[in-house]
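Quick caveat, the model's predicted, so the values are computed rather than measured. Chain naming here is simple, since letters A, B, ... match the order of the sequence lines and numbering starts at 1 in each.
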Amino acid sequence: MFKWFGIVNHTPHTKVAAFAQNLREGRITGSRCRACGHETFPPRADCEKCLSPDFELVPVSGRGRLWTWTRITAAPRGFEAYAPYVLGVVELEGGGRALAPIGASVPEDSLAMGMELVLVPRVHEETEELHVDYVLERA
Amino acid sequence: MSRVGIVGIGHTPFGRRTDASVQELAAEAFRAALADAGLERDAIDASVIGSVPEYHKQRSLAGVVQEYLGLLPKPTWLTEVACASGSAAIRTGWLEIQAGAHEVVAVIGCQKMTEISTAEVLALMGRVGEVQWESSFGTTFPGYYAMFARRHMHEYGTTRAQMTAVAVKNHFYGAKNPVAMFRKEVTAEKAEASDAVASPFHVYDCCANADGAACVILASEKRARALKRPVVWLSGLGAATASMSVLKRPSLTGLPSAEQAAAQAYAMAGIKPDRIRVADVHDCFTIAEIMAYEDLGFCAKGAGGRFVEEKRSWIGGSTPVNVDGGLKAKGHPIGATGVSMTCEIVKQLRGEAGERQVPDADVGLTHNVGGIGQYCFVQVLTRDA
């Protein structure tokens with residue numbers, strides 16, 4: 001049920017929909033190509049190296065180092081209630097990168113390039129519709 | 001290979017055009033370009049429309065423009081590559097002529113953006129990032145370039161003041177451009193005191209949504225010469241694409257699409273970057289102009305901040321850039337922007353740029369970027385000696 005993923009979901013249908021179910025169960029997963037073994041994050045159904053459609057979702061640690069960030073004050077439609085919010089990109093230790101909100105354990109004035117952060121799954125069941133996402137917290 | 005010439009240009013004032021619909025804006029630019037070329041409407045064999053359809057209620061805009069301009073039943077279609085749609089339309093017109101399909105093609109970039117709210121525009125533009133893994137967390141267009149800026153500052157020591165210097169320069173020249181949206185200078189103090197948008201950006205780091213249209217009339221070399229008017233030649237063209245996802249970029253300190261498109265355009269024109277006398281580059285954000293200096297080879301990688309700080313991109317410097325005000329002060333009606341850039345360089349090469357004329361401008365360049373650098377189109381323009 002990929003429509004669960006994100007604060008506002010734009011892509012309810014995808015072949016990697018099990019990612020959202022895994023996230024709900026507390027596991028962050030990337031994709032591994034069964035043909036050539038190449039792993040990617042975010043996951044994708046069709047291997048970026050060999051284009052094989054034969055993939056599986058495999059656990060990733062979610063640990064990474066901060067690559068860049070921004071504090072968004074002027075929010076797009078659908079996000080006004082969250083503004084201002086800080087978004088960061090981490091380079092994951094197993095390869096790949098992830099974009100996610102910076103969580104409460106990391107005050108903005110403590111952000112520094114290369115600092116260690118970890119993606120932490122979040123499940124929001126108090127809302128009308130279930131949604132799941134992840135947030136970057138202090139490692 | 002024979003060349004394609006630009007024989008006519010037309011440009012509306014950019015800004016909040018509450019007086020006109022999108023096809024009416026297109027007509028302003030088209031009429032001016034026909035008059036500039038000394039051509040009748042019947043001489044136009046086809047048109048190409050550069051525009052981004054999501055901003056308009058009207059679907060399939062090309063047909064509406066074609067009908068309104070009285071160009072039926074000549075062929076037309078829309079090109080869309082986000083903010084580079086205008087240059088993509090010019091490239092399409094160039095291809096049509098080079099293929100021998102047509103002799104004279106009108107390329108019209110046109111856009112109405114002020115009919116929808118800023119929050120809606122932010123949402124639309126944020127979705128030019130990858131929507132499955134990025135936009136679902138509330139990314140915005142300024143937010144992406146802010147993340148580029150953060151890396152550029154970290155890796156090269158680029159400063160807040162250097163980014164502000166881009167805004168100060170572009171407003172200085174925008175004040176002298178009769179078609180610019182903001183015709184007033186800005187001080188560094190005022191720019192840095194403006195409201196936060198996406199750190200480290202303030203309002204004055206960002207270009208403004210605008211309405212407007214621009215038109216260039218392209219002709220085969222034979223037809224262009226027969227008009228016996230000054231012709232500006234499309235002497236080099238380049239186009240390249242980079243990842244949609246910011247997560248897949250090799251670095252955030254430049255645009256690989258821009259470097260590659262520039263290399264193609266320089267090679268086709270047979271010149272090096274130091275031959276460019278005037279350039280219009282895609283300064284959707286202040287950092288974008290700094291990265292453009294570097295990607296286009298006007299200065300070394302990482303030296304872009306100093307380049308503007310030392311006024312080397314002002315008139316009198318080594319490569320004057322955006323002396324029409326750039327997107328920053330001229331305004332950014334996204335589909336029109338690439339065509340507007342070409343209009344400005346044509347003016348400069350003809351010596352018609354008035355008080356912002358670059359002396360001895362005989363070779364110029366445009367650099368039009370779509371999205372967050374997913375698409376880049378570069379043109380090298382020349383005139384007859």
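At most 12 heavy atoms of other shown residues, nucleotides or ligands fall within 6.0 angstrom of atom CZ in A/R63. For A/K3, the NZ atom counts as loosely surrounded, since its 6.0 Å shell holds 12 or fewer non-hydrogen atoms of other residues, nucleotides or ligands.
Within residues 148-170 of chain B, the residues having any heavy atom less than 4.5 Å from a heavy atom of chain A are, in residue-number order, B/R150, B/R151, B/H154. Residues from residues 13-24 of chain A that place a non-hydrogen atom less than 4.5 Å from a non-hydrogen atom of chain B comprise A/T14, A/V16, A/F19, given in numerical order.
For B/T139, the parts sitting under 4.5 Å from any heavy atom of chain A are the backbone and the side chain alike. Neither the backbone nor the side chain of A/E91 has a heavy atom closer than 4.5 Å to any heavy atom of chain B. In this structure, chain B has heavy atoms under 4.5 Å from both the backbone and the side chain of A/P43. Only the side chain of A/T11 comes within contact range of chain B, with at least one heavy atom under 4.5 Å from a heavy atom of that chain.
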Which atom pairs, donor and acceptor, lie under 3.5 Å between side-chain atoms of residues 98-109 of chain A and protein residues at least two apart or in another chain?
residue: A/S105; atom: OG; partner: A/E137; partner atom: OE1; Å: 2.4
residue: A/S105; atom: OG; partner: A/R138; partner atom: N; Å: 2.9
residue: A/E108; atom: OE1; partner: A/R71; partner atom: NE; Å: 3.0

In a table with atom names and distances, give each donor-acceptor pair under 3.5 Å that connects a side chain of residues 79-89 of chain A to protein atoms at least two apart or in another chain.
residue: A/E80; atom: OE1; partner: A/G78; partner atom: N; Å: 2.8
residue: A/Y85; atom: OH; partner: B/G138; partner atom: O; Å: 2.6

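Residue B/T118 holds its OG1 atom at 13.0 Å from CZ of A/R77, rounded to the nearest 0.5 Å. In this structure, CG on B/L252 lies 6.0 Å from OG1 on A/T68, to the nearest 0.5 angstrom. To the nearest 0.5 angstrom, B/F201 atom CZ is 8.0 Å from A/T70 atom OG1.
Counting heavy-atom pairs closer than 4.5 Å to chain B, the top residue among A/G6, A/P42, A/A75 is A/P42. When each of B/P142, B/S245, B/P200, B/A196 is checked for heavy-atom pairs under 4.5 Å with chain A, B/A196 comes out on top.
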> After noting the C-alpha distance and the side-chain angles of A/T73 and B/V197, does the key distance pass the side chain to side chain contact (heavy atoms under 4.5 Å, CB included) rule?
Replying inline: CA-CA 5 Å; A/T73 314; B/V197 172; 5.9 Å; no
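Using a 4.5 Å cut-off on side-chain heavy atoms (C-beta onward), A/I7 and B/S136 make no contact. No side-chain heavy atom of A/H10 sits under 4.5 Å from any side-chain heavy atom of B/Q132.
The aromatic ring centres of B/W133 and A/F2 sit less than 6.0 Å apart.
Contact record, B/L247 with A/R97: O-NH1, 2.7 Å, taken as the closest heavy-atom pair.
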